[in-house]
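Every value quoted in this text rests on a predicted model; they were computed, and no experiment measured them. The first residue of the sequence shown is numbered 1, and numbering continues consecutively from there.
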Amino acid sequence: ADPLEDIGDGIYHFNIGSDRGILKEMIFSKVEIPKLAEMRSAQAIESGGDQLNQLAFPFNCKLKLVGNTLFIPGMIFYANPSFMGLGNPQDKASIAYQLNLGGYFLVLDTTTTISPGSFETTVTGVTIGHGKVT
């Protein structure tokens, strides 16, 4: 998850709360997996583990961007939620890592909307991993 290394591979990084760039909004949506929370709750009770693990679902990410033509399906982007106070998604001790928020996403869909006074691109991605975990 090194932005300087990734840009050479065409992987753009987006940070929540950045004061510059084309990102307008980053929306995470939980992937519903039936009975996963119940299974993790039972595992935590049996092993005496952390109850936070119950909330660790895969999350997909939708980016609302200033209008552009940078993305096509099949590309990868990196979403960093650390400015929300959740920590680095690559740090095992961070809440972002424990909740499975952030990291690399595979672009499935892009939509560009042009209307008078507005030019917006929406990119929808599915989670593929955190990157190198520390």
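Residues Phe14 and Ile22 meet the side-chain proximity criterion, which asks for heavy atoms closer than 4.5 Å. Between Phe59 and Thr127 there is no side-chain heavy-atom pair separated by less than 4.5 Å. Side-chain contact between Leu23 and Leu65 is present, with heavy atoms from C-beta onward closer than 4.5 Å. Tyr104 places a side-chain heavy atom less than 4.5 Å from the side chain of Asp6. Counting only heavy atoms from C-beta outward, the side chains of Ser29 and Lys62 never approach each other to under 4.5 Å.
In this structure a side-chain-to-backbone donor-acceptor pair under 3.5 Å is present from Asn68 to Val66. Judged by distance alone, the side chain of Thr110 and the main-chain N or O of Val123 form no donor-acceptor pair under 3.5 Å.
Residues Ala79 and Met26 approach most closely at CB-SD, 3.8 Å, considering heavy atoms. Of all heavy-atom pairs spanning Pro81 and Gly102, the tightest one is CD-CA, 3.8 Å.
To the nearest 0.5 Å, atoms CG (Asn60) and CG (Leu106) are separated by 10.0 Å. Taking CG of Asn15 as the start and CG of Asn80 as the end, the distance is 4.5 Å to the nearest 0.5 Å.
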May I have the step-by-step check of side chain to side chain contact (heavy atoms under 4.5 Å, CB included) for Ile27 and Lys64, ending in yes or no?
CA-CA 8 Å; Ile27 304 163; Lys64 290 189 179 181; 4.1 Å; yes

With side chain to side chain contact (heavy atoms under 4.5 Å, CB included) as the test, would you mind laying out the steps for Tyr12 and Leu70 before giving the verdict?
CA-CA 9 Å; Tyr12 297 96; Leu70 298 173; 3.7 Å; yes

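Cluster annotation: Val107 is connected to Val31 through the hydrophobic network of ILVMFWY side chains, with a link wherever side-chain heavy atoms come within less than 4.5 Å. No chain of hydrophobic side-chain contacts below 4.5 Å, direct or via other Ile, Leu, Val, Met, Phe, Trp or Tyr residues, connects Tyr78 to Met75. Under a hydrophobic clustering in which Ile, Leu, Val, Met, Phe, Trp and Tyr are joined whenever their side-chain heavy atoms come within less than 4.5 Å, directly or via other members, Leu101 and Leu36 fall into the same cluster. Taken together through direct or relayed side-chain contacts under 4.5 Å among Ile, Leu, Val, Met, Phe, Trp and Tyr, Leu108 and Ile33 form parts of separate hydrophobic clusters. Linking ILVMFWY side-chain heavy atoms closer than 4.5 Å, directly or via other members, places Ile11 and Phe71 in two distinct hydrophobic clusters.
Among residues two or more places apart in sequence or in another chain, the side-chain hydrogen bond (donor to acceptor under 3.5 Å, both in side chains) test is passed with Glu120 by Lys24. Contacts of Leu4 classified as side chain to side chain contact (heavy atoms under 4.5 Å, CB included), with partners at least two apart in sequence or in another chain: Asp2.
For Phe77 and Phe105, the ring centers sit closer than 6.0 Å to each other.
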